[in-house]
Undergrad: 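Shown below is the structure under consideration.
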Amino acid sequence: MVNTKWPFTRNEVTMEMIKEDPTCDPYYDPPDWECPKWRKVMSVFWEVIAKPPGERKYVNKLDRGLLFYLMLSYTIKSLDQNNINNAYVSGMKEDLNLNGDEYNLFKTLFNCGYLIGSVPSQIVLTWVRPSYMIPCCEAFWTICVMLLSRATSAKYVYIFRFFQGFAESICYPTMMMIIGSWYKPEEIAKRVIIWDMTWSMASMFSGYLQAAVYTNLNGVGGYAGWQWLFLVDGCISLPIGLAGFLCIPDFPDNTRAIYFTERDIQYSMRRMAEVGKKGTQKMTVKRFVRFFTTWRFWAFITPYSVYITGAGDYFNLWLKTENYSVKMINYLPTIGNAVALVCGYTLAIISDLTQWRWQLAIFALIPYMFGNLVLGIWDGVPFGLKFAANIVPNIGSSFFSMFMAYVSEVFQDDTEMRGYLPAIGNVIWYANYAWFPIVFFDAADSPAFKKNRGYIVAFVLAVINMGSIYTCHLGHMREVKLKGLVKNKYGLFVEREMLLDYDHSDGSASQIDIAYEIGEKQAVAESGSYEVDPSKDLERDADLIRTN
């Protein structure tokens, strides 16, 4: 039986009207519409360009509402999290009489707050909408950032960095869960990369901003340049955070976004049902515990556990030991940010065109292996190669984006798991970063970090990470076989009753049955047990759907 609860729970009258007269649908696409060649070419860079007019209108609206806000929100998160690095090398260290250990503890306390807040924030989301929760947290961490401008000692910074991390913990897993609930497979990688790229853009902007603040505001009003950085960041962050009350759309089955009409909501649920995504479900204790008893959780949490970048993270400390000016210490790392932007979007294009997810996640780890290996050797390595070893890892900065796009597709049948997995993963990741830098990257041992071989350890972890991602792929393929899942037209494995094709079906039982049969033949063909040429049967059945 076809499951109609998820796509058709809202305003069925509207759907009946559209069924009687399809042209009244604002997303109606003429059957004879053909994509112009120039659109097909340009769609390599942005797939919406080649979509039919109706769907193109919808996706553009979704991008303007959801994606644009997420980019702004992640920008302020990056600014507010990384400004401590710029402030430290721009006078904060001298004014507060700080040492290398305190620099690492600023990051550690932030990570501890993030660690403590990640899972509870996801539990709260069972009762509170993301469109309420995220803006409140963004406003709170903005206040913490602005109060850092009044810091007079390291202890003062510890307190507000902890609360800043606690408030920011909700953002990444929740935003990733929301993105995965609205976009199709050919759309999602580029959106995740663009969203993630804003981190690099914000890091670049933070360097330029600090250089400008230090040059133009240092000493103005009795405040040092590093103090003005916190104040300026806060003024940028607060209005963007409050805009989330209106811009965050929650999920297709419960959205209250002001930029969506009732038909938009219907269309959203229909798109996601066709892809194979299921709606949100209430979280129970039994269901929460079951998360930890499946192979899925333990396999996919491993890449988080061993993801330690190393190379490139301490570029500014090395530049400081090379006696570069404050301005150049802030400028030069932005080269890596520019590399991250270009390479990240290139990988996203390849991923959406080829549907390579786990493969590109593994590829993104190779630049980190190179950087850590070169810096791990250190002695005898020329200046230029050390410089490259700090820049090249940025080629793989889209690792998490590639991996999370893969997670979004594997867990498309479980919205909550798409939120809990990165939340718990972040707990483990930040837990590692609460002690790993102190042990292996002691600032007093910079820039070579030879005492505990930090770069070599990071290199070994990158190799282990590659193996863990491939293990996830093998486990997923085994699950597909055991559950008898079939491939839909997007190349995703779904349950039989979720195999829908709205482009070629009006939902009648006969047409849905044909779609099921095609899915079964695809599964048989992929298993290698077909005794005849499967392509002819599939083409014949596809023609049968079109004629019906």
Side-chain angles (χ1 to χ4, degrees), residues 41-50 59 63 67 70-71 74-75 78 172 175-176 179-180 183-204 300 303-304 306-313 333-372 388-411 418 422 425 429 458 461-463 465-470 472-473 476 490-492:
V41 174
M42 296 303 296
S43 67
V44 172
F45 304 98
W46 195 244
E47 86 296 323
V48 176
I49 297 175
V59 177
D63 286 340
L67 182 62
L70 292 183
M71 291 173 62
Y74 214 46
T75 296
S78 176
Y172 184 83
M175 290 177 176
M176 190 66 240
I179 288 178
Y183 287 104
K184 287 183 175 182
E186 73 269 15
E187 303 162 353
I188 193 168
K190 284 190 285 293
R191 269 73 180 180
V192 173
I193 288 289
I194 289 174
W195 170 52
D196 202 33
M197 280 166 50
T198 57
W199 185 275
S200 297
M201 288 188 287
S203 297
M204 292 175 62
F300 281 84
Y304 279 95
V306 296
Y307 182 64
I308 301 293
T309 54
D313 289 349
T334 64
I335 298 174
N337 300 135
V339 171
L341 292 176
V342 175
C343 294
Y345 194 67
T346 301
L347 288 179
I349 292 174
I350 296 173
S351 180
D352 280 341
L353 288 175
T354 62
Q355 295 299 296
W356 293 345
R357 307 298 194 200
W358 63 270
Q359 297 95 328
L360 290 180
I362 290 177
F363 173 80
L365 292 169
I366 297 176
Y368 286 109
M369 292 175 59
F370 165 78
N372 284 304
N390 279 287
I391 296 297
V392 168
N394 289 278
I395 295 174
S397 63
S398 61
F399 164 76
F400 261 126
S401 299
M402 292 291 100
F403 182 65
M404 290 311 300
Y406 178 51
V407 167
S408 178
E409 294 181 352
V410 174
F411 294 101
R418 295 202 305 272
W429 190 81
L461 290 176
V463 175
N465 204 348
M466 286 182 171
S468 69
I469 294 172
Y470 186 64
C472 291
H473 167 67
H476 178 50
Y490 297 102
L492 304 181

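Keep in mind that the numbers below use all heavy atoms, side chains included, and drop hydrogens, waters and symmetry copies. Computed from a predicted structure; not experimentally measured.
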Undergrad: Give the minimum heavy-atom separation between Val59 and Val48, together with the two atoms involved.
TA: CG1-CG2, 3.4 Å
Undergrad: So does Ile308 get a backbone contact from the side chain of Tyr368, meaning a donor-acceptor N/O pair under 3.5 Å?
TA: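 The answer is no, because no donor-acceptor pair under 3.5 Å joins these two groups.
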Undergrad: Any chance you could measure Glu187, atom CD, to Ile179, atom CD1, to the nearest 0.5 Å?
TA: 12.0 Å
Undergrad: Can you confirm if the aromatic rings of Tyr304 and Phe400 lie within a centre distance of less than 6.0 Å?
TA: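 Close enough - the centres of the two rings lie under 6.0 Å apart.
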Undergrad: Can you list everything that forms a side-chain contact (heavy atoms from CB on, under 4.5 Å) with Tyr74? Sequence neighbours excluded, please.
TA: Lys77, Tyr172, Trp195, Asp196, Thr198, Trp199
Undergrad: Under the side chain to side chain donor-acceptor pair (under 3.5 Å) rule, collect the residues that match up with His473, sequence neighbours excluded.
TA: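 Listed in chain order: Trp358.
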Undergrad: Can you measure from CE (Met402) to CD1 (Ile362) and round to the nearest 0.5 angstrom?
TA: 13.0 Å
Undergrad: Which heavy atom of Pro367 sits nearest to which heavy atom of Phe363, and what is that distance?
TA: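 Where Pro367 meets Phe363 most closely, the heavy atoms are CD-O, 3.4 Å.
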Undergrad: Pair Glu409, Gln355 - check side-chain contact (heavy atoms from CB on, under 4.5 Å), show working.
TA: CA-CA 10 Å; Glu409 294 181 352; Gln355 295 299 296; 3.6 Å; yes
Undergrad: Ile193 and Ser398: which non-hydrogen atoms are nearest, and at how many Å?
TA: CD1-CB, 3.3 Å
Undergrad: Indicate the atoms forming the closest heavy-atom contact of Ser351 with Ala189, along with that distance.
TA: OG-CB, 3.8 Å
Undergrad: What is the distance from atom CG of Leu341 to atom CD1 of Ile194, rounded to the nearest 0.5 Å?
TA: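 Interatomic distance, Leu341 CG to Ile194 CD1, rounded to 0.5 Å: 11.0 Å.
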Undergrad: Please report the interatomic distance SG(Cys472) to OH(Tyr406), rounded to the nearest 0.5 Å.
TA: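 Here the rounded value is 6.5 Å.
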Undergrad: Could you check Asp352 against Arg357 for side-chain contact (heavy atoms from CB on, under 4.5 Å), going step by step and ending with a plain yes or no?
TA: CA-CA 9 Å; Asp352 280 341; Arg357 307 298 194 200; 3.2 Å; yes
Undergrad: If I take atom OG1 from residue Thr346 and atom CZ from residue Phe45, how far apart are they, to the nearest 0.5 angstrom?
TA: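 Those atoms lie 9.0 Å apart.
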Undergrad: Could you please spell out the steps behind the side-chain contact (heavy atoms from CB on, under 4.5 Å) verdict for Met176 and Val192?
TA: CA-CA 8 Å; Met176 190 66 240; Val192 173; 3.6 Å; yes
Undergrad: Would you say the side chain of Phe399 lies within less than 4.5 Å of the side chain of Ile469, judging by non-hydrogen atoms?
TA: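 A side-chain contact under 4.5 Å exists here.
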Undergrad: To the nearest 0.5 Å, how far apart are CG in Asn394 and OG1 in Thr309?
TA: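 If we round to the nearest 0.5 Å, Asn394:CG and Thr309:OG1 are 9.5 Å apart.
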Undergrad: Once salt bridge (charged side-chain N to carboxylate O under 4.0 Å, His left out) is applied, do any residues pair with Glu186, and if so which ones, sequence neighbours excluded?
TA: Lys51
Undergrad: State, yes or no, whether a side-chain contact exists between Val410 and Val407 at a heavy-atom distance under 4.5 Å.
TA: no
Undergrad: Ile188 and Arg191: side-chain contact (heavy atoms from CB on, under 4.5 Å), yes or no, with the steps?
TA: CA-CA 5 Å; Ile188 193 168; Arg191 269 73 180 180; 5.5 Å; no
Undergrad: Which heavy atom in Ala311 sits nearest to a heavy atom in Asn372, and how many Å separate them?
TA: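 Answer, listing the atom of Ala311 first, then Asn372: N-OD1, 2.9 Å.
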Undergrad: Taking all heavy atoms of Gln359 and all of Trp356, pick out the closest pair and write down the distance.
TA: OE1-CA, 3.5 Å
Undergrad: Is there a side-chain contact between Tyr307 and Leu461, using heavy atoms and a 4.5 Å cut-off?
TA: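 Tyr307 vs Leu461: side chains apart.
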Undergrad: Ile395 versus Phe370: any side-chain heavy-atom pair under 4.5 Å?
TA: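 Of all side-chain heavy-atom pairs linking Phe370 with Ile395, none is under 4.5 Å.
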